[in-house]
Amino acid sequence: MAARREDRLMKLKEDIQIKGGQAIYKVTDGASHEQMEGLAEYALKEFGKIDVMVNRL
């Protein structure tokens with residue numbers, strides 16, 4: 001997951017984990033090309049591939 005507000009990302013991650021799921025996040029400004037590239041690199045490092053990426057502004 002990615003968004004600008006870490007507090008919301010942390011809460012969502014906790015909610016997912018409480019329900020038995022797994023989640024990671026990276027604080028990212030979706031309007032920043034450099035930060036989106038960094039997010040893609042992070043996802044590739046963690047998972048080896050990207051199946052779907054949605055950038056909603």
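Quick caveat, the model's predicted, so the values are computed rather than measured. Positions are given from 1, in the same order as the sequence printed here.
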Give me the other members of the hydrophobic cluster that Val54 sits in, counting Ile, Leu, Val, Met, Phe, Trp and Tyr linked by side-chain heavy atoms under 4.5 Å, directly or via other members. Val52
Find out if a path of hydrophobic residues (ILVMFWY) with successive side-chain heavy-atom gaps under 4.5 Å connects Tyr42 to Phe47. yes
At their closest point, which heavy atom of Lys11 faces which heavy atom of Asp15, and how far apart are they? NZ-OD1, 2.7 Å
The reported gap from CD in Gln17 to CD1 in Ile24 (rounded to nearest 0.5 angstrom) is 10.5 Å
Residues forming a salt bridge (Lys or Arg N to Asp or Glu O under 4.0 Å) with Lys45, sequence neighbours excluded: none
Residues 1-10 vs side-chain hydrogen bond (donor to acceptor under 3.5 Å, both in side chains), sequence neighbours excluded, gives Arg5-Asp7, Glu6-Tyr25
Minimum heavy-atom distance between Met36 and Thr28, given as atom pair plus value: SD-CG2, 3.9 Å
Does atom CD of Glu46 have more than 12 heavy-atom neighbours from other groups under 6.0 Å away? yes
Compare every heavy atom of Leu39 with every heavy atom of Ala2, then report the nearest pair and how far apart it is. CB-CD2, 3.5 Å
Between Lys26 and Leu9, the two heavy atoms sitting closest are O-CD1, 4.1 Å
Reported CE-to-CG distance for the pair Met10 and Leu12, which is rounded to 0.5 angstrom: 12.0 Å
